[in-house]
Protein chains: 2
Amino acid sequence: MASPKGDIGRVFHALGDPTRRAIVERLSEGPISVSGLAAPFSITLTAVVQHLQILEESGLARTEKSGRVRTCRIETAGLSVLEQWIKDRRSLWERRLDRLAEILAEQEGK
Amino acid sequence: MASPKGDIGRVFHALGDPTRRAIVERLSEGPISVSGLAAPFSITLTAVVQHLQILEESGLARTEKSGRVRTCRIETAGLSVLEQWIKDRRSLWERRLDRLAEILAEQEGK
DNA sequence: TCGATTGTCAAGTGAATACTTCAGTATCAA
DNA sequence: TTGATACTGAAGTATTCACTTGACAATCGA
């Protein structure tokens with residue numbers, strides 16, 4: 001059951017890991033190579049590449065190889081999916097809370 | 001290293017699971033008992049309770065026991081933390097994109 | 001009171017996850 | 001061309017995770 005690239009589940013899973021969030025954080029400051037990205041972390045290059053793959057699959061990062069250097073940048077798609085999901089949920093249950101308030105007001109009136 | 005209740009990592013982890021998202025979805029429609037919540041799922045009551053614990057710890061749900069029934073509701077705190085995180089990231093890298101646009105415009109002018 | 005309902009607790013299992021190591025390959029610079 | 005750089009790929013490992021089972025406690029309704 002291969003999830004599509006914009007799958008909200010993938011985005012949540014990707015951002016559930018602290019190292020991956022730190023990578024996103026770093027990518028927010030601008031494009032960087034894989035080894036440049038790995039430098040501040042106390043994990044191997046391989047591990048960073050693995051995280052990067054997950055971030056790409058969830059639409060949170062984009063990478064491009066030129067020569068022997070792979071350049072990484074943020075991708076807004078993943079965040080947009082996330083934003084939309086939250087927006088939907090929030091409106092959903094704020095509507096419900098409003099309805100609840102109405103009912104309470106109604107009972108108060110009786 | 002006990003993470004505080006508003007820890008963004010917990011929120012992401014909690015929402016990374018499809019069953020937990022479905023639970024949140026259901027809770028959006030109104031309060032419900034644990035067994036009521038478990039009914040549509042093909043997993044045990046115990047598993048649902050475990051999910052519920054994770055949702056509570058991440059500030060996405062709230063439960064209260066009265067008699068033998070534990071009533072579950074959504075909690076907005078977790079979502080708020082999530083919203084804030086996204087807002088911060090987005091402004092961070094939109095500012096960066098603006099700066100990039102400026103530089104490009106500048107070079108264009110030369 | 002007694003049986004059914006509703007939830008709790010402890011322990012175990014299989015799969016997924018975040019890592020590692022090691023052995024490559026491709027590219028660049030001198 | 002040669003050595004260093006920048007990554008890639010496969011395979012293994014320890015831990016975490018979602019879930020189960022089974023035994024139990026508390027509460028409610030008849």
Side-chain angles (χ1 to χ4, degrees), chain A residues 1-5 7-27 30-73 78, chain B residues 1-3 7-27 30-73 78:
Chain A
M1 208 141 281
S3 359
K5 205 166 186 178
D7 180 24
I8 188 71
R10 289 203 172 203
V11 178
F12 279 127
H13 168 242
L15 292 172
D17 183 86
T19 305
R20 259 163 350 231
R21 280 199 308 281
I23 290 176
V24 166
E25 216 87 354
R26 176 59 193 80
L27 291 180
I32 191 169
S33 71
V34 176
S35 39
L37 198 54
F41 295 103
S42 53
I43 54 174
T44 56
L45 224 202
T46 309
V48 171
V49 171
Q50 284 165 0
H51 282 308
L52 230 23
Q53 259 159 20
I54 289 167
L55 288 172
E56 279 203 80
E57 282 164 11
S58 59
L60 288 162
R62 191 162 34 99
T63 77
E64 193 185 357
K65 192 160 186 178
S66 164
R68 62 182 165 168
V69 175
R70 176 172 296 277
T71 306
C72 317
R73 8 175 77 81
Chain B
M1 210 153 272
S3 0
D7 181 25
I8 188 71
R10 290 204 172 202
V11 178
F12 279 127
H13 169 242
L15 293 172
D17 183 85
T19 305
R20 252 154 7 219
R21 281 200 306 282
I23 289 175
V24 167
E25 216 85 356
R26 176 57 193 82
L27 291 182
I32 191 170
S33 71
V34 176
S35 40
L37 198 53
F41 296 103
S42 54
I43 54 174
T44 56
L45 223 204
T46 309
V48 171
V49 171
Q50 284 164 0
H51 282 308
L52 230 24
Q53 259 160 19
I54 290 167
L55 289 171
E56 280 204 79
E57 282 165 11
S58 58
L60 288 160
R62 189 162 35 97
T63 78
E64 193 185 358
K65 193 160 184 179
S66 163
R68 60 180 169 173
V69 174
R70 176 172 295 277
T71 305
C72 316
R73 8 174 78 80

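In the text below, chain A, chain B and the rest are named by the order of the sequence lines, each starting its count at 1. These numbers come from a predicted model, not from an experiment.
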- [ ] Using a 4.0 Å heavy-atom cut-off across all strands, classify A:Ser35 as base, sugar-phosphate, or nothing.
- [x] sugar-phosphate

Task: Interatomic distance where CD1 belongs to A:Ile32 and C1' belongs to D:dC7 [whole Å] - done: 15 Å

TODO: Using chain B heavy atoms and a threshold of under 4.0 Å, write down where along DNA chain C the contacts begin and end, 5' to 3'.
DONE: C:dA4 to C:dA10

Open item on the list: side chain to side chain contact (heavy atoms under 4.5 Å, CB included), that's the test. Do B:His13 and B:Glu57 meet it? Break it down for me.
Closed with: CA-CA 11 Å; B:His13 169 242; B:Glu57 282 165 11; over 6 Å; no

Task: Residue pair A:Ala38 / A:Leu45: nearest heavy atoms and the distance that separates them - done: CB-CD2, 4.1 Å

TODO: Provide the closest heavy-atom pair for B:Pro31 versus B:Arg73 in the form atom of the first, atom of the second, distance.
DONE: CG-NH2, 3.5 Å

Task: Interatomic distance, B:Thr19 atom OG1 to B:His51 atom NE2 [nearest 0.5 angstrom] - done: 4.5 Å

Open item on the list: In this structure, how many angstroms lie between the C1' atom of D:dC7 and the CG atom of A:Leu52, rounded?
Closed with: 12 Å

Task: 5' precedence on DNA chain C between B:Val49 and A:His51 (nearest-nucleotide basis) - done: B:Val49

Open item on the list: Rounded to whole Å, how long is the line connecting atom NZ of B:Lys65 with atom P of D:dA25?
Closed with: 13 Å

TODO: For B:Leu45 and D:dT20, give me the distance from atom CG to atom P, rounded to whole Å.
DONE: 11 Å

- [ ] Please answer whether the main-chain N or O of B:Leu15 pairs with a side-chain N or O of B:Arg20 as donor and acceptor at a distance below 3.5 Å.
- [x] no

Task: Nearest heavy atoms of A:Leu52 and A:Cys72, plus distance in Å - done: CD2-SG, 3.6 Å

Open item on the list: Rounding to 10°, can you tell me the angle the first-five-pair axis of the helix from C:dT1-D:dA30 to C:dA30-D:dT1 makes with its last-five-pair axis?
Closed with: 30°

Open item on the list: Within the 4.5 Å heavy-atom criterion, are A:Ser66 and A:Thr71 side-chain neighbours or not?
Closed with: no

Would you tabulate the pairs of protein nitrogen or oxygen atoms and nucleotide nitrogen or oxygen atoms of nucleotides 27-29 of chain D closer than 3.5 angstrom?
{"unit_1": "D:dT27", "atom_1": "O2", "unit_2": "B:Arg68", "atom_2": "NH1", "d": "3.2"}

Task: Taking every non-hydrogen atom, the tightest pair across B:Pro40 and B:Leu37 - done: CD-O, 3.3 Å

TODO: Report yes if the side chains of B:Leu60 and B:Ile54 come closer than 4.5 Å at any heavy-atom pair, otherwise no.
DONE: no

Open item on the list: So B:Thr19, base contact, sugar-phosphate only, or nothing? Heavy-atom distance under 4.0 Å.
Closed with: sugar-phosphate

Task: Touch class at under 4.0 angstrom, heavy-atom based, for B:Ser33 against every strand present - done: sugar-phosphate

Task: Closest non-hydrogen atom pair between A:Val11 and A:Ser58, with its separation - done: CG2-O, 3.5 Å

TODO: Whole angstrom is fine here: how far is it from CD1 in B:Ile54 over to P in D:dC17?
DONE: 8 Å

Task: d(CD, A:Gln50; P, D:dT13) in whole Å - done: 16 Å

TODO: Determine yes or no for a side-chain-to-main-chain donor-acceptor pair under 3.5 angstrom, with A:Arg70 supplying the side chain and A:Val34 the backbone.
DONE: no

Open item on the list: In this structure, how many angstroms lie between the C1' atom of D:dT13 and the CD1 atom of A:Ile43, rounded?
Closed with: 16 Å

